[in-house]
Amino acid sequence: MATVQPKYNFGLLQTPMSNISGYESETSTDVFQRIPRQNVDHLLKGAGHASSKFPAASGLTSNTSSTSVAGVRKRGKGLGYTTPGSTSALRTPASRRTPGSLSYSTTTPRDSTTAVIVAIVEGRGLAKGEIGLASLDLKCPHLTLSQFSDTQTYVKTITKLQILQPIEIIVPNTACENGTMTKLLKLINDQFQNTSISTVQRKYFNETRGLQYVKQLCVPEFNTVEMEVRLKYYALAAVASLMKYVEFMQNMMYAPGSLKVVFQGSENTTMIDASSAKNLELLQNLRDPTSDITLYGILNYTKTPGGARLLRANILQPPSDLETITMRQDAIGELTEKEEVFYNLQTVIGQFPDVDHLLSLLLQIPKQETIKIAESKITNIIYLKHTLELIEPLKEALKDCENPLLKAYCKSLDDPRFDIIITKISSVIHEDTRFQKGTLHMRTQKCFAVKPNINGLLDVARRMYTEIVDDISELVTQLGGQYGLPLKTSYNSARGFFIQTSASGKDGLTADNLPGIFIKVTKAKSTLSFTTTDLIKLNARIQQSLEEIYLMANIVVTALLNDIRGYLGCLYKLTESVAIIDVLLSFAHVCTLSNYVRPEFTDTLAIKQGRHPILEKIAIGQTVPNNTYASDESNFLVITGPNMSGKSTYLRQIPLLQIMAQIGCSVPAEYASFRIADQIFSRISTDDEMETNSSTFTLEMKEVNYIIQNASNRSLVIMDELGRGTSPEEGVGICHSICEYLIQLKAFTVFVTHFLELTNLDVLYPNVENYCFDVQRSVCTQSAEEKIIFTHTLQKGKTEERHYGMELAKMSSLPRDIIEKAATCALKISRAKHFADGNTSESSKQRAVFKLATRLVQTARNSRLDSDGLKIYLHGMKSQYEKETGR
């Protein structure tokens with residue numbers, strides 16, 4: 001259908017806005033629909049949802065809360081319409097968002113360097129559970145597609161959304177028909193309370209249109225994704241609705257062939273569900289959400305927003321490809337050995353802006369030209385020039401690197417398109433134009449960025465601007481001479497040009513004895529700031545002059561952007577190079593601060609003197625290191641010990657070190673070997689969940705059910721105090737059954753428990769090992785009472801402590817007579833719970849045979865010994881076997 005070519009008139013100037021091929025002009029006013037948070041609550045109660053439609057001319061609001069009637073929960077701040085579409089809420093004005101002016105407010109921790117919008121669609125009928133997902137970061141021109149089969153708990157979907165942290169989630173309007181929400185939408189609403197949810201008519205979830213968007217928008221370097229997603233119907237449907245939504249609500253489009261389109265499955269990554277990420281404090285501290293005492297916090301020495309984003313994504317989804325991990329380790333090894341290369345790279349990388357965000361702004365084509373957008377374009381060109389000028393220093397810093405990964409990134413910077421872009425920019429932008437800190441300095445750079453003699457009207461406007469600035473300087477000089485005051489000209493973005501003088505002088509100058517010509521007087525420490533009526537008028541003239549300069553410079557800059565957009569695909573290589581080098585530098589920096597070791601990757605989990613990485617950073621003294629060992633012959637570890645002995649800390653330490661190793665970082669240990677995990681599961685929290693009316697035991701069973709359904713023989717599972725939410729008899733029975741399932745699964749499992757009956761599992765299963773945390777008792781010389789001393793040291797065997805809760809109770813403020821009576825009652829009601837001893841000679845022989853077989857298989861797979869060393873090792877294995885079997 002024919003499209004209208006709109007024109008935007010700025011006085012004498014006319015800048016036609018060309019329509020992009022493939023984009024339809026939509027005139028319908030009933031395309032999108034926001035589900036206000038209060039209306040979502042009504043849906044949960046069975047009430048009808050909002051039915052009114054939103055005009056396409058309305059935009060996204062910023063930092064404005066909705067007004068609602070009494071009894072209706074107010075929506076939090078954030079991107080989105082305020083509360084339209086409900087008879088129970090009053091509509092508030094909505095302002096249009098413009099590209100380059102993004103700012104978001106949220107009550108939940110969110111990565112401020114991202115602004116992700118996500119579209120989700122679920123299959124219907126027999127395809128129910130098939131999820132299509134598309135996400136676009138408005139600050140980073142990456143369009144990501146995903147399609148996968150999820151369970152009815154939708155854990156994979158929620159985990160994806162937790163990683164993306166969207167500001168807006170788009171779903172089909174059929175997800176909340178007839179006053180009820182689908183299970184997926186209800187779950188999204190529960191999990192993302194501060195994220196706006198919008199509905200889009202189902203017709204816009206069109207896979208054919210989605211494939212057209214992929215073809216039109218994908219940058220040539222990544223066009224092979226078209227073959228990969230051609231049959232991913234749900235992902236393509238999500239793309240179609242997402243791009244149409246962005247076109248309407250963000251009031252802009254992307255240039256053809258400009259987006260990096262990728263299909264992101266779960267291959268070559270280790271999945272960590274949202275609950276485990278929370279329990280392990282990967283991104284957020286459990287006690288203080290604002291604290292940086294997290295795994296991300298201790299590893300984040302990145303210098304760029306892109307590097308920080310990549311580090312965050314790697315922690316939440318560590319690579320599981322051995323080649324990728326090894327290449328990173330090699331690169332980090334070289335960076336730590338060559339200090340000069342390390343510091344040179346760190347200096348250069350620190351000067352890069354957010355290249356992803358810059359690239360996104362350069363590729364966006366706003367539907368509406370304004371003064372703010374014109375100024376933003378000039379700023380972006382200056383940033384681009386600054387970025388391209390850093391390529392040569394970066395290549396120079398990388399040229400001496402021998403690591404293949406660093407060499408590859410150095411080679412990627414030889415793209416001839418960089419030189420083409422620089423040449424085209426140099427033909428229009430003055431070579432002395434630089435990015436500068438400070439509002440006035442940067443404003444001056446923007447005013448004079450375009451070379452003279454390119455646009456005559458622009459030259460006239462700049463001369464006028466210069467004359468007004470000279471008039472201001474002359475005015476201040478005259479006033480100083482007239483009143484005999486040491487005046488100087490100052491500037492800030494709020495007041496424009498104003499006058500300053502010292503308030504502490506021999507003449508005792510104060511705000512009260514200033515001449516009457518000076519108005520709007522303010523005092524800050526020993527400085528007086530003020531202005532005059534004439535100066536205010538000159539500031540108004542300067543602002544008008546600036547607007548004329550920006551509008552006329554916009555014509556030149558827009559033409560330049562149209563000329564270079566076809567070459568901007570090379571910046572994707574640059575963003576990738578800068579981000580990964582920044583992360584590697586951060587890991588190298590971490591290694592130099594502490595005694596870390598490079599881990600190996602085998603079929604065995606073996607950590608010698610491992611330390612908790614977060615605890616080590618915050619502890620006043622030295623932390624107690626501990627060993628960890630798990631293999632096919634002993635894949636299930638049962639850990640017992642008193643409260644406060646260090647079980648939970650040790651339990652969290654293992655997956656944290658696993659994640660550090662898989663992202664390529666060294667780990668705090670003397671030696672470390674890991675088996676690459678396909679998934680990491682944790683069952684730690686024992687809190688009730690009031691929102692869903694779930695008890696501790698209910699939550700335990702939900703989490704365990706998810707682990708059992710999804711764990712494989714390559715997974716890492718940690719469980720803490722399972723079964724405490726019910727009676728001891730039921731708890732032991734449930735734990736025993738779950739343990740048996742995991743033992744047979746061959747997943748590496750660390751099971752912390754207070755049920756000492758479970759320590760007898762090693763009798764039934766040869767791949768179970770018992771460990772406990774050692775405690776010592778000392779007698780107080782004054783009171784002659786025994787006290788427990790926690791060594792926090794792990795040792796093999798079962799804990800010998802009984803009724804250690806009583807010992808801890810003595811350390812509290814409970815009255816002594818209550819504690820004594822409790823100890824007496826405990827002794828009386830203790831029941832002997834007998835499990836078959838089973839330590840017969842036959843079971844010992846079977847255990848020895850099993851261990852010998854698994855060790856031989858492990859040696860065949862992973863041994864790096866020479867022939868003589870292998871003979872010695874096998875001879876020792878034989879001797880150990882004969883000793884255990886009594887032969």
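Side chains are part of it too, since the values below use all heavy atoms of this structure and drop only hydrogens, waters and symmetry mates. Since the structure is predicted, the reported quantities are computational estimates derived from the model, not experimental observations.
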Decide whether [X] and [Y] meet the rule of one side-chain donor and one side-chain acceptor closer than 3.5 Å.
X      : Y      : result
Thr270 : Gln662 : yes
Thr324 : Asp321 : yes
Ser320 : Asn268 : no
Ser673 : Thr602 : yes
Ser276 : Asp273 : yes

Using a 3.5 Å distance criterion without hydrogens, assess whether the side chain of [X] forms a donor-acceptor pair with backbone atoms of [Y].
X      : Y      : answer
Thr336 : Ile332 : yes
Thr793 : Val624 : no
Thr575 : Tyr572 : yes
Lys232 : Ser146 : no
Glu168 : Val118 : no
Asn314 : Ile663 : no
Ser360 : His357 : no
Asn713 : Leu745 : no
Ser291 : Ile293 : yes
Asn635 : Phe748 : no

Would a 4.5 Å heavy-atom cut-off, applied to side chains only, mark [X] and [Y] as touching?
X      : Y      : value
Val116 : Gln165 : no
Ile298 : Pro613 : yes
Thr387 : Pro353 : yes
Glu600 : Phe674 : no
Leu161 : Leu133 : yes
Cys739 : Phe751 : yes
Met644 : Thr649 : no
Tyr234 : Ile131 : no

Is Glu402 salt-bridged to Lys407, cutoff N-O under 4.0 Å?
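No salt bridge links Glu402 with Lys407.
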So, Asp292 and Lys617, do they make that salt bridge, N to O below 4.0 Å?
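The answer is no: the pair does not qualify as a salt bridge.
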Decide side chain to side chain contact (heavy atoms under 4.5 Å, CB included) for Asp150 and Glu122; before the verdict, give the C-alpha distance in whole Å, the side-chain angles of both, and the deciding distance to 0.1 Å.
CA-CA 10 Å; Asp150 208 349; Glu122 182 182 11; over 6 Å; no
Hey, mind stepping through Asp137 and Ile117 against side chain to side chain contact (heavy atoms under 4.5 Å, CB included) and telling me if it holds?
CA-CA 6 Å; Asp137 190 343; Ile117 300 179; over 6 Å; no
Minimum heavy-atom distance [X]-[Y], with the two atoms named:
X      : Y      : value
Gln658 : Ile676 : NE2-CA, 4.1 Å
Gln162 : Ala274 : CG-CB, 3.5 Å
Val597 : Ala669 : CG1-O, 3.2 Å
Gln284 : Pro289 : NE2-CB, 3.2 Å
Leu280 : Ile614 : O-CD1, 4.5 Å
Gly641 : Ser645 : C-OG, 3.9 Å

Stepwise side chain to side chain contact (heavy atoms under 4.5 Å, CB included) check, Phe587 with Leu311
CA-CA 10 Å; Phe587 290 164; Leu311 173 60; 3.6 Å; yes
Check the pair Asp330, Arg598 against salt bridge (Lys or Arg N to Asp or Glu O under 4.0 Å), reporting the backbone distance first and the verdict last.
CA-CA 10 Å; Asp330 294 339; Arg598 172 175 172 168; 2.9 Å; yes
Ring pair (Phe, Tyr, Trp, His ring centres under 6.0 Å) evaluation trace for Tyr650 with Phe773:
CA-CA 10 Å; Tyr650 175 78; Phe773 276 89; 5.7 Å; yes
Looking at [X], I want to see if its [atom1] is surrounded by more than 12 non-hydrogen atoms of other residues, nucleotides or ligands under 6.0 Å.
X      : atom1 : value
Glu339 : CD    : no
Lys608 : NZ    : no
Gln622 : CD    : no
Tyr383 : OH    : no
Lys278 : NZ    : no

Please round to the nearest 0.5 Å and tell me the distance separating atom [atom1] of [X] and atom [atom2] of [Y].
X      : Y      : atom1 : atom2 : answer
Tyr596 : Ser666 : OH    : OG    : 9.0 Å
Asn705 : Arg683 : CG    : CZ    : 13.5 Å
Ser198 : Ile170 : OG    : CD1   : 6.5 Å
Lys647 : Thr753 : NZ    : OG1   : 9.0 Å
Ile272 : Ile680 : CD1   : CD1   : 4.5 Å

What verdict does the side chain to side chain contact (heavy atoms under 4.5 Å, CB included) test give for Tyr154 and Lys160, after you've listed the backbone C-alpha separation in whole Å, the side-chain angles of each residue and the deciding distance to 0.1 Å?
CA-CA 10 Å; Tyr154 296 103; Lys160 275 270 187 195; over 6 Å; no
Evaluate the salt bridge (Lys or Arg N to Asp or Glu O under 4.0 Å) criterion for residues Asp356 and Arg309: first the C-alpha distance (whole Å), next the side-chain angles of each, then the deciding distance (0.1 Å), finally the verdict.
CA-CA 10 Å; Asp356 283 318; Arg309 284 194 295 268; 2.9 Å; yes
Using the side chain to side chain donor-acceptor pair (under 3.5 Å) rule, pick out the option among Thr628, Asn626, Asn627 that qualifies with Gln609.
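Among the candidates, only Asn627 passes.
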Apply side-chain hydrogen bond (donor to acceptor under 3.5 Å, both in side chains) to residues Asn285 and Thr294 and explain how you reach the verdict.
CA-CA 6 Å; Asn285 189 278; Thr294 61; over 6 Å; no
Does Arg312 qualify as a cation-pi partner of Tyr296, given the criterion of NZ or CZ under 6.0 Å from the six-membered ring centre and within 45 degrees of its axis?
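No, a cation-pi geometry is absent between Arg312 and Tyr296.
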Give the C-alpha distance, both sets of side-chain angles, the deciding distance and a yes or no for side-chain hydrogen bond (donor to acceptor under 3.5 Å, both in side chains) between Glu130 and Ser149.
CA-CA 4 Å; Glu130 189 73 13; Ser149 296; 2.5 Å; yes
Under the ring pair (Phe, Tyr, Trp, His ring centres under 6.0 Å) criterion, do Tyr706 and Phe681 qualify, and how do the steps go?
CA-CA 9 Å; Tyr706 167 67; Phe681 300 97; 5.6 Å; yes
